[in-house]
Structure formats: structure tokens, C-alpha cells
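Basis for what follows: all heavy atoms, side chains included, without hydrogens, waters or symmetry-related copies. We name chains A, B, ... by the order of the sequence lines, and we start the count at 1 in each one.
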Amino acid sequence: AELTVGFSQIGSESGWRAAETSVSKIEAEKRGIDLKIADAQQKQENQIKAIRTFIAQGVDAIFLAPVVATGWDEVLEEAKDAEIPVVLLDRTIDSKDDSLYLTAVTSDTVYEGKVAGEYLAKTVGDRDCKILELQGTVGSSPAINRKKGFDEAIAAHPNLKIVRSQTGDFTRTKGKEVMESFIKAENGGKDICAVYAHNDDMQIGAIQALKEAGLKPGKDIIMVSIDAVPDIFKAMAEGEANATVELTPNMAGPAFDAVMAFKKDGTQPPKWIQTESKVYLPDTAAAEYEARKNLGY
Amino acid sequence: MTSTLPGRLSFGALPQFATLAAVLLANWLVFPDFFDLRLQDGRLFGSVIDVLNRGAPVAILALGMTLVIATKGVDLSVGAVMAICGAVAATMAAADYSLVAILAAALAVGALCGLWNGFLVAVLDIQPIIATLILMVTGRGIAQLVTEGQIVTFTHEGLIAVAGSSALGLPMPVVIALVLGLALAALVRLTALGLLIESIGVNRTASTYAGVDSRSVLLATYMISGLTAAVAGVIAASDIRGADANNAGLWLELDAILAVVVGGTSLFGGRFSILLSLVGALVIQAMNTGILLSGYPPELNLIVKAVVIAAILVLQSPAAGRLFGFLRRS
Amino acid sequence: MTSRNLPFFATLVVFVVAWALCAAQFPAMLSTRVAANLITDNAYLGVAAVGMTFVILSGGIDLSVGSVIAFTGVFLAVTVRAGLDPIAAILLVLVITTAFGAVMGAMIHYLETPAFIVTLAGMFFARGVCFLMTTDSIPIDHPTWDALLSVSWKIPTGGRLTLIAGIMIAATLVGIVLAHLTRFGTYVYALGGNRTSAELMGVPIARTTIAIYALSGALSGLAGLVFALYTSAGYSLAATGVELDTIAAVVIGGTLLTGGVGTVAGTFVGVMIQGLIQTYIIFDGTLSSWWTKIAVGGLLFVFILLQRVLVHLAGRSRDRLVPAT
Amino acid sequence: MDNAEPLLLSLRGLTKTFPGVTALDGVDFDLRAGEVHALLGENGAGKSTLIKTLTGVYVRDGGSVHLQGTPIAPADTADAQRLGIGTVYQEVNLLPNLSVAENLFLGREPRRFGLRDARRTEAMARDLLVGYGLDIDVRRALGDCSVAVQQIVAIARAVDLSGKVLILDEPTASLDAGEVVTLFAIVRRLTARGIGVIFVTHFLDQVFALADRATVLRNGRLVGTREIAGSNRLDIVKMMLGRELETETMKRHRRQVVDAPPVVSARGLGRRAYVQPFDLDIRPGEAIGVAGLLGSGRTETAKLLFGIKQADRGALAVGGKPVRISSPRAAAALGFGFCPEDRKTEGIVGDLSVRENIALALQARRGWLRPLGRTESRALADRFIRALDIRTSDAEKPIRLLSGGNQQKALLARWLATEPRFLILDEPTRGIDVGAHAEIIRLIERLCDDGLALMVISSEIEEIVAYADRVVVLRDRSHVRTLEGEAVNVNDIVRAIAAEAVPGAAA
Ligand SMILES: Nc1ncnc2c1ncn2[C@@H]1O[C@H](COP(=O)(O)OP(=O)(O)OP(=O)(O)O)[C@@H](O)[C@H]1O
Ligand SMILES: Nc1ncnc2c1ncn2[C@@H]1O[C@H](COP(=O)(O)OP(=O)(O)OP(=O)(O)O)[C@@H](O)[C@H]1O
Ligand SMILES: [Mg+2]
Ligand SMILES: [Mg+2]
């Protein structure tokens, strides 16, 4: 291959992440790029090691899906010294020096939370609404940002109130367990108006818990979450969920294009290539499910 | 001098039950409806049932873990084995195999994992923590290999019923945990297996010299641990109707070890009690559920957990026992 | 060569052979850059592993290491942001982590409870305190900090020996001296050999146990500093699971988890072996997430197996030193 | 000894109770400067407990201890060491993972610039051990050394530590005659310097050879103190047992060995770098003694026969059928039994009860599927507790809480319970009192009469003479001589052990 790209991926902690990896491979193949993926198993230290090793190997470009926003300056400095362009995927980093990377192809996780919140505010209207929130892993940046965005969106609506918020660690099992105790704590679930989950997996767990307690998610309870993985479309198609905000797994495609253009004639891409964060509703759910089910989610 | 926690139900069980009572009481304080029960569709609902139901996988893991720890070992791989067996079960369910075939396959895989661990420990003489660390790392990869990194979901009625149905008004996982616990307790106490396990755990050299077949006993012990992990894995998969190779059983090995220790079995091997390990698992789940019910922000979860564990340690420590004894006498 | 050094030499041989094999496939792995990276990238692990070596030698275990590393980073980031001088913050945090270790040691000794559980509680506690301080990841930004970062020695052909690599090497050397050349070190081995005997021989058990965990706390703090320098940030989810990597490194380095047998130098090689496995996998770059895990576990197995075989063979040849046939 | 001699150590009304036992009940004990004071009593009488209470291992429940007139209460052994009390506890309590030199100087190594001076430590260790006739590599891990060497190291360490008082709790078990002589010489040098020595042993000969006075305990109570000069053996034995010893212990009882085919028959059996090939036949009802110096390969011979180490040459036949014994389990299945020398690490399963320890070998042989019922194992245990007079408050007591001699008896019971046809005993009477000693010998003779084949390894030549019909002598890991018939006596055995290797004979 003419171009070798090293991709420091966070891991495969969720279906979405797996999809991002497999979409990246597909996109690389399309363009005849040799993609080396280093899986960091959720650890920043492994990502730094991977970047260092990519530099030592002399790859043509490095993609980095940073597990955390801080702490990249030094290693990116090294990449810069070695004149290897770096592209950030799905999240940006905290850095004074934005010359450390070529561009960032990301969605805005705060914005995602905001979109979810706005959807809820619009759907609920003026009535009082008790919201349960399933947070992501404590301390992880999507959890922090999706909470922040959502809080911003509902701040203007005093009738919307988060009454309980716990972490479900982004997993179905924990989502279900937390929802079970929420139901007990909120009077058998009769007063619950809406559930906001930081990702679809937790939401799917929550839907099961609600159904098992004899409640009707998607009908009596508004279910909104983020990611747009196939299974949530299935739930929407069955009327058990109401909305999901998309986070596209195709971050690598635009990144490859930017790198190829840069390598060819030095074209500087914009510093931030933002992907779309769009709300999907039950009406298109069945079609979306078919479109996505083989993407490796 | 050296002190061993008594492993017998008779007089030594008091600290464990006292701990459980204390944690339940604390739950009741932070959440007054904690003990409310409600019957719906022939099935009980309530926070206490949640504790039992959610605690079942850890309780089941703790069964096998108790035996392994009694041999002076430890099995770090149970979480990963759960993931593998869950993945196998889910993929087979998605391909519509019969429930019997699914269960047989999952249990066989679990037993195989256990045998591998046992082989490393008993035959190659690798230290248990490292021997099982290998499968802890590799196993999750194998599970992902089975699911190809995706969350495999299924609508297999039979498999869903494993965690989703109920018997005697109790969720099926609770029934499974109880039956397994009693069966295993019977297996080790009605045969000589329990004695041989304890004997190896206390002094493997002396036991071998006394003619005990330490290798086979160790192999059997790790295999039982693999089997219990398989059962827990199937329950976890059945519960969410899918296999999440990444997260199924993640860090559950620590909970299981904690359950065994809270149950009074010494990490230095020897005396053990299966039933008290079940109590230990309940203590841990009661603590977890209490945290969820309390409504405290999730940032506090770990601190609360740490403080509760520290309190349990203080209460159950031999030093505290001596102090109580002293106070009672004077 | 005494029998006690056997596992160490076995480990060393395995490491050298493995590196040679890797280099045969990827010649770039012979560069000084890769060698320097191996040290720099694993410096936090190496420093923590020195402390863990003492703990394991004494027959204990310390699961709080990873959380303490995270705590140190968050503490440094938060206090420096609040205006504390980095040097003062560093000294302060080292005192805190040392005291934290000492408290765990005291609990282990006086409550007569297994280290596994006490330090598990410590692991939850330290991480919990991180969350209380902040859940955000906070960059550390201060001229003094930058000055620390810029300390480095260039090696020809692109390698760079940084301050943190220096700290790791220093910690290892100090660890070697402490373990093998001080009375404290002998007490640690004594404790791991047989606690009751050690007590009967007059080893101050309480003092030594507390000192061991305090040392582990201090070195975890130092590892946290290294980690913070490495990333210039504090993050409450940093270094999760590092305790297991550390334990693995110590054990691969030839230390017995049952205590009493092992060396600090072996731990250093153990850390390097773990680093080598990772480097090799990244060099390869074709492995999916799951194959990465399987490969890491598989290589770990191969290393341990090789080491056992070597020790076994060497043990046999030692037998032969006894007058025979 | 002059009665006006100042009291070095004086214990008054010392009391110590454990749950279920009063191990010491108001015991008085004096030690004068420069005397050897023997502390005697049956197994479980409280000797070790007295010592541990004195040196701060246990906290006493009552009574007082004065050292040179000042009351002392050491909080731990380190404290006692600082006060000038050096102790060898009954079980060798050293650190197998440290080197010999480190063990000797743990906690008081010479230092240079604040760091341990390994070279000087080693030189000092070598010098120290030369005084005990031991010339070994002091850098070797102690665990690699034989039990006897460990014992000597423990003694050397304690002697070196004892500025005022030296306490020896059964130091001579598993030492050979030569070592004992060396030890006695050292003790005499110490007493000449005014150091007081408390000496616990079950060998009355040694008491009469070394001690100035003897104090006897029974069931935790003081029976009395005697000047050795004016006492005789029978008096002392009577004080210990509270009755006359019915049979003279060391009397040899001639057996009629059945002329049956051998139970065990080894031909050229050996293992490289372990034991040189040897031939051996043991017939039913026959007792074979194995004699030799320390490290001569006696334990190795036993371990080879019992499958702990596998032979790599030669052949073994049991009951006429060729067998390969690959593990202790296989050996036990053939009806073998083996009481190891190192009871703490290879014998007892400390946290299990006396009952379970006794039933263990039988249970292991039956397999896990056929458990001995609780009542069954209880009856078995009770039978042996009575037969061997094992002193325990309860069959359910963890065996590690028993006194040393009683642990030894329980181990013997473990194998007797399997009704073996070939039993190997490695230092079987280590730490067993005279009364029990006689019991055990009677019991074993009865078993031999019933056809048991026996192999006894012992450093006590008298003991070998008492048991054995035939004696195999080992030197440098090879079987050099077999003594039979009238040749089985102390003199001939000693001569055979001491004889220089005939050139070419043992190559
Ligand atoms: N830690 C303990 N807990 C309970 N009982 C104990 C403990 N230590 C000793 N004993 C009991 O105290 C009694 C005295 O034991 P001790 O070890 O002092 O006997 P001894 O005279 O040294 O016997 P031996 O000659 O066999 O060594 C025994 O009955 C023993 O079982
Ligand atoms: N694993 C080992 N490696 C090296 N040397 C050993 C090992 N085990 C024992 N030895 C040495 O072999 C010799 C035999 O010791 P051992 O105690 O087994 O012999 P023994 O004839 O039974 O003597 P005794 O029973 O009187 O101690 C000793 O010198 C001992 O130090
Ligand atoms: Mg004694
Ligand atoms: Mg011997």
C-alpha cells in the first residue's frame, strides 16, 4: 500500500466502538490504505505506547481516538518532530497547541446530550416530568459531556427534573440493575415520566427492567438515549423506545480523505470536521435497523 | 499468633449473619421501603428480591471460588469464563439450538476452562493467581472472538427463561443459586472431597505424603469453579438477552473473592463454608443495591463501598473478636 | 549463582531471547528509540512494581496501586490548578500516599485481616476520592512542571531518556539496595519466609509490615507522579487495572506470590517483558481487539512456561553438583 | 553446685491457660548462673509453654518472672533477646528462604555505611559454625539443608544471642551422637562463663550427662526439682509419669521372622544424584533399622521407596510382583506408610483436627467418594488417642495446638490406621517422652508379630537396636553395610558408621 496509517483505538468496550473499528477497516480498504490498529484496552498509557511505537515504525499518519482529553502534548510533540500528521477521531483533546494535530474528526458529545434534552423538552411539553438518568462510567468524558449537554437543554424547562441519576457503566447489565432499583425507589415506577441513558446499551437494559416490572417503556415512559446502535432501532420499531441521537461510527472516512489530500499537495483541512448528531425517531427505525445491522455493531 | 476464621456454621457463623443484618438495616435506614414485598403474576417483587436476584451470579461464582480459595488458590478468570460461556450460549441461541444443547455446550466450555486452569496450577505448578490471570486476559478475547466483538442478542424463549422465569415466587437465578449451593455443599460434605480440599489448602506437601491425590483434587476444584462460572455466564446472558463479551462478568472475580472472604473462608486456604460464602455474596449485593437505592451521586459509590468493607473487616477481625470477648467477660 | 537467583536469570534469558526473536522479525525494534521507549513507557509500571515486589516478598499483596496512581495525578492537577507550587504538591502527595499505605499496613497487621481485602478497600477508597475531587480530566500546566518535563538525555539515533525513565531506574536501584543490602530488606524476606518464625527470631513484625505498605504507598505515589509527568494531566479513571499488570510483572520477574523468594532486579525484567509483549503486538498491528487480548495472554503463558522449564533444567543441573554415581 | 549462687532467673506461680487446657498452673522455677537445668515432663506437660511464656511468645495469665532480681515481662522474642535470653524453640523456627548466614545474624548483621556487610556476615557465620564442626556453604538457602543442619544453625544462633540465659527445647532430636557431643561441649563452655541453660529433652541419658538439676512438670503442674547428683533414672521417670515405667524401654525383643517371601524387594534401586543404587529385602514381621550420619541419605532412601522421588534405575517388587511407585498415593495403595522426619512441613495438616489428621491417610486411600463417616472417624481417632496416649483436650482440636510429641504420635496413628504392610518411620520418636516411647515400641512389636514389615530411620542408635532385626548402614548416600543377628548392637553399628570407606567399595 502506498500509505500506512496507525490507528490507536481505545478498545472495543461497546458495540459502537466495534462498529467504528470495522467501519474504519472498510474505509481503509476502499482507499487502498494499510491500516494498523492498536487496541488500547481502555488505557491511555497503552495509547501513548502505541503512538510511540507507530513513530518508531515510521508510519505515514497516526489516528488517535483519545480515551481522555488531557495528557497528549508530549507524545504528539514527538510525532510532530518526526513529521507524522495526527488526526483525532471522535473526541478532541485539551491542548494549548493545536498544531499538534492535523485535524479532529469528532462529534460533539455535549451537543449530543443537548439534542437529547431538546427532544425530550419538545415531546413532554408543559407537564411536569420526572426524569431518570443512566450515566456512563463515572469520570469518562462522554458521561460528563452528555450529562452536561442534557442539563443545559432542560435547564430552561423547570417542569423537567432529573430525580435520580446513577451510573450504569455503559453496559446492559448495569443499566438493567440500576433501573430495577430506580423502579423500587420511585414508587414502583408509576411516577416515572422519562428515562435518559447516556448510551443505547444501558437503555436496552432499562427497557427490559421496565417491562419486567409491568411498565410500558416507549408508551407511558419516554425513552431517549444516544449512539444509534441497531438494537435500539429494533426496540423503537417495537414501540419500546422513542428516540436516539446518532453518533456516526464513520469517523475514519473523512479522516483518510483529509490525510490523503494533505499528503498529496499539503492541503490543510479545517481544524475540526464535525460529524452530524441527528435524532432518529421510530418512523425510520425499521429501515435504519436493516441498514446498520451488518456494520459490526 | 496465627488465627484462622472458623469455617463451621455452628458458633463461627455469627459475624457473617451479624454483618448481613447490619447491612440490611443500613439499607432500610437509607430506603424505608427496602423490605416491602409485592406479589405479581405469582412472582415476588421488592428490593430484597432484587438483592437476591442480582446477587445470584456473584453467589454462584462464590461457590466455586470458595473451593478454590480453600485449596490456597484463587481463580481470577471466572469473569472471563462467564463472558466466554455467555457468548457461546448467546451465539447458539441466536442460531436456534435447543436449550439442552446450549446448556451442555456452555457447561462443557466452562469445565474446559476450569481444567485448563487446574492443569496450569496442579500439573505445571504455576502460581494460581498468575495461572488464572492468563485466562482472565485471554478469555475475554476468546469471548469477543466468539461474538466477533459485537453484542449478540437473541430471542430464544428457552434461554431467556433461565433468568427470566420464576419458581416458588422467586426469580429463577435465585433458585439456581440455592440449588447449586446446596448441591455443592452436599457434594463436598457428604463425600470426602471437602476434607481433602481443606487438607491440601492447609498443607499440600503433607497431604500428598499422606497419599492424597492432590493433583486430581486441584483439577476437580478448578473445574467446579469453571462450571459455576459457566452457570453464572449463562444467567448473565439470559438476563440481558444477549452476550456482551466486553462487559459480562467484568471485575466480578473481585466481588466473588470478597464474598468468600466476607463469608469467613481464609485466603490462606483451609477451612471453608459454602453456605457462609452465599451469605457473603448477599452482603455484597445488599451493599450494592443499597447504594443504588440511596440516591447518592454515583461519585460516592466507591467511597461508600470502601467504608463498608473496612467496617466489615473491623467487625470480623480476630482482634475485634478478642475485644468483644474481653468486654463480655468484664 | 545461588539458587535464589535462578528465576531471575531464567527471566533475563527469556527476555533477551524474546527480544532477539522480535528484532529478527522487525529490525526497527533494535533501535535505541524503541529501547528508550520501553523504559519510558513502562516507567510508572516499573516504579509501582518495585513497591509491589516488597509487598509480595513479604507474602502480601497491594491492590490499591492503580487507584493510588490515579489519585496522585488528580491531586497534583487539582492542587496545581488551585495555585499550589508543583514541587510542594509533589511532596505533599507523596506524604499522603505514604501515610495511606501505612494505614493499610496497620490495618493488615492489627486487625489480622488479609492484605487482599484491606487493599481492595483501599483501591475503592483512593479511586472514590478521585471522583470526589473531580471527574474531569485536568491538564497540569505550570512553568515548573514544564521544566521537569524538559529534563531528558538524548541518545544518538533518536532515543530519548526522559526524567521519568530516570526515576524508574533510580527507584529500581534503590529498591535493589533496600531489598538486598539493608536490615529492612532482610526483614521483608523473613516475613515472607515464615511469619511465625520471623516473629520468634525477633523480627519487629508490626513495624516491618507497616513500613512495607508505606513503602508501596510511597512508590505508588511516585509512580503516580511519573504517570502525571507522562500525561501532564490528572484523570480519575487513569491506571485502572494497573495493579494486576504490576503483580504480573513482579511474578514474571521470578518472585513467588507465597513470599520470601524473588528479586527487585527480576521485577525490572518482568516489566520489560510486559512492555516487549505490547510493543511486539503494536509493531504487528494486524490484531483485532480480541486477538490482542489472546496474544497478550498467550505470550504471558509462553514466558511463564519457558521460565519454569529453565528453572527446572537449572535445578536438575544443580542436583548434579551433589556427589553422584 | 553452691546454693548461695545468685539466682539468674526466677519464675513464681507462672500460669497460662488456653481454651480447654491449663497448660501451666502456678509453676515455680529457678535458674542459677552457670547451671544446666533440665526441664522434664511427659508430652503435653507444659514445657514448651513454660518457655514460650517466659520469652514473650505468649502473655502469661499470672505469676512473675525475675531476671537477676528485676521483674521482666518481655513483650515479644525480640525483647527477650535484648534481655540476653536466647532460645531454640521446639520446632526449628528459622527461615528456609534465607541463607544460613542470614539466619544466624538476622536483625544484628554487621553493617558498613548503614548497609549490610554480606561478606563479613558470611565470614562470621563460617567462623561460628566451625565451632559446631559444620563446614557448609553459608550462602546456601537454609531450606536446602538437612533438618539436622537447620537444628545446628538454630542452636548456634541462640547460643550467640544468649548473654545470660540459653534455652534449648529438645535441641538434640535428629542430631547424631557426634553432634550431641559437640553441643554438650559448647554448653559447658557457656556455663563456665556463668550463663544459665534451660534444657528440655526426653533423653534421660543426656540429662544425666549434662544437667546439674532437673525440674519435672506434669499436666502443667510442678512436680519437683532435684539435684541430678543425688538422683537416679527411675526416680525421675516416676516423677514424670506419676507411676513406675512397667517395661524397660530399651529392651530388645527377639522376633521369629517368618521365612516368607519379602514384602519389599529392591534390586539396584537408585536415583541419580540422590541415592546410589541399593539392594534391599524386607520380609513380613521384620524390622530394619537404617543408621548413618547426618546427610548420609537415609531420608532419601525412604523417600525413594515411598514414591516421593522416583527411582530412575533398578527394580522394585512388592509381594513378589514388580511395581513402579510413581507417587506417595501409589505407595499407599500398595500398603506402604511413611512418617516423615519433618513433621511440621511434611507431616501435620495444622488447621485440621486431630481426628481428621488421624483419618487422613485412610481417607485418601479410600478415595473421596467413600468418606469415612464422622462417627467412624471419631471412633478411629478415639481408639488411637487412647492407644498412643495422645494428650489432647478434644479430638476436634486443631492439631497444631498439640504439643510436639503428641503431634508425632498422631502422625504415627495416621499410618497405623491404614493397617499398612510396610511402614517407614523417619525419626519416629523425635520428641516423644519415655512413657510413650515404651508404648510405641510395644505397639510396633505387636504389629510386627502380625506381619508388618518395618523400616526405622533414627539417629538414636539405642532406638534402632531396640526395634531392628537387621540394620542397614549408609554413608555418602550409599548403602555400605548390613548388620544382622548378634551384630545388631550399639558398638558394632557405631563402628560401621564411623569406618572409613573401603576404597572402591562405595564408588
Ligand atoms: N496455642 C495453644 N492453644 C491451645 N492449647 C495449647 C496451645 N499450645 C499448647 N497447648 C496445649 O498445652 C499443653 C502443653 O503443651 P506444651 O507444648 O507446653 O507441651 P510440652 O511439655 O512441650 O510437650 P512435648 O514434650 O510434646 O513438646 C498441651 O495440652 C497442648 O495441647
Ligand atoms: N533439595 C536439595 N538440594 C541440595 N541438597 C540437598 C537437598 N535436600 C537435601 N540436601 C542435602 O542432602 C543431604 C542429605 O540430607 P538428609 O537430611 O535428607 O539426609 P539423611 O541421611 O536423612 O540425614 P538426616 O535424616 O540425619 O538429616 C544433606 O547434606 C542435605 O543438605
Ligand atoms: Mg514441647
Ligand atoms: Mg533424614
| query | Does any non-hydrogen side-chain atom of C:Thr292 lie less than 4.5 Å from one of A:Gln41? | reply | yes

| query | Atom CD in C:Gln278, atom CD in A:Glu45: separation rounded to 0.5 Å? | reply | 8.5 Å

| CD/A:Glu74 to CD1/C:Ile164 distance, rounded to the nearest 0.5 angstrom? | 6.5 Å

| query | Just wondering, more than 12 heavy atoms not from A:Lys43 lying within 6.0 Å of its NZ? | reply | yes

| said: Can you tell me which of C:Val296, C:Thr162, C:Val242, C:Thr135 forms the most heavy-atom pairs within a distance under 4.5 Å of chain A? | reply: C:Thr135

| For C:Val34 and A:Ala56, which heavy atoms make the closest approach, and how far apart are they? | CG2-CB, 3.8 Å

| Would you say A:Glu29 has more than 12 foreign heavy atoms packed within less than 6.0 Å of its CD? | no

| request: Starting at CD of A:Gln42, measure out to OG1 of C:Thr240 and round the result to the nearest 0.5 Å. | output: 8.0 Å

| With respect to chain A, which residue among C:Ala233, C:Ser137, C:Ala77 yields the maximal number of heavy-atom pairs within a distance under 4.5 Å? | C:Ser137

| said: Once rounded to the nearest 0.5 Å, what's the spacing between atom CG of C:Asn37 and atom CD of A:Glu78? | reply: 6.5 Å

| Taking everything shown except C:Phe100 itself, do over 12 heavy atoms lie less than 6.0 Å from its CZ? | yes

| message | When you compare the side chain of C:Leu237 with that of A:Val68, does any pair of heavy atoms fall below 4.5 Å? | response | no

| said: Quick one, C:Ser232 and A:Asp73 - any side-chain contact, counting heavy atoms below 4.5 Å? | reply: no

| task | Go through the atoms of C:Phe131 and report whether side chain, backbone, both or neither lie under 4.5 Å from a heavy atom of chain A. | result | side chain

| Segment of C:Phe26 engaging chain A (4.5 angstrom heavy-atom cut-off) | neither

| Segment of A:Val59 engaging chain C (4.5 angstrom heavy-atom cut-off) | neither

| Pairwise side-chain contact, C:Ile138 with A:Thr70, heavy-atom cut-off 4.5 Å (strictly under) | no

| note | Turns out that what part of A:Ser95 lies under 4.5 Å from chain C's heavy atoms comes down to neither

| message | To the nearest 0.5 Å, what is the distance between CD1 on C:Ile281 and CG on A:Asn46? | response | 10.0 Å

| said: Does any backbone or side-chain atom of C:Ile140 lie under 4.5 Å from a heavy atom of chain A? Answer side chain, backbone, both or neither. | reply: neither

| task | Give a yes or no on whether a salt bridge exists between C:Asp136 and A:Lys148, defined as a side-chain N under 4.0 angstrom from a carboxylate O. | result | no

| Of the backbone (N, CA, C, O) and the side chain (C-beta and beyond), which part of C:Ile69 lies under 4.5 Å from a heavy atom of chain A, both, or neither? | neither

| Where on C:Thr279 is there a heavy atom nearer than 4.5 Å to chain A: the side chain, the backbone, both, or neither? | both

| task | Answer yes or no: is there a donor N or O on one side and an acceptor on the other, between the side chain of A:Gln57 and the main chain of C:Ala28, under 3.5 Å? | result | no

| query | Taking all non-hydrogen atoms of both residues, which atom of A:Ala50 and which atom of C:Ile282 are closest, and how far apart? | reply | CA-CD1, 3.4 Å

| field | Check: C:Thr231 and A:Ile48 side chains under 4.5 Å, non-hydrogen atoms | value | yes

| said: Please report the interatomic distance OG1(C:Thr40) to NZ(A:Lys49), rounded to the nearest 0.5 Å. | reply: 11.5 Å

| Backbone N or O of A:Gly139 within a donor-acceptor pair of the C:Tyr235 side chain at under 3.5 Å? | yes

| field | A:Lys36 side chain to C:Phe283 backbone, donor-acceptor under 3.5 Å | value | yes

| Nearest atoms (heavy-atom pairs only) where C:Pro139 meets A:Asp94 | CD-OD2, 3.8 Å

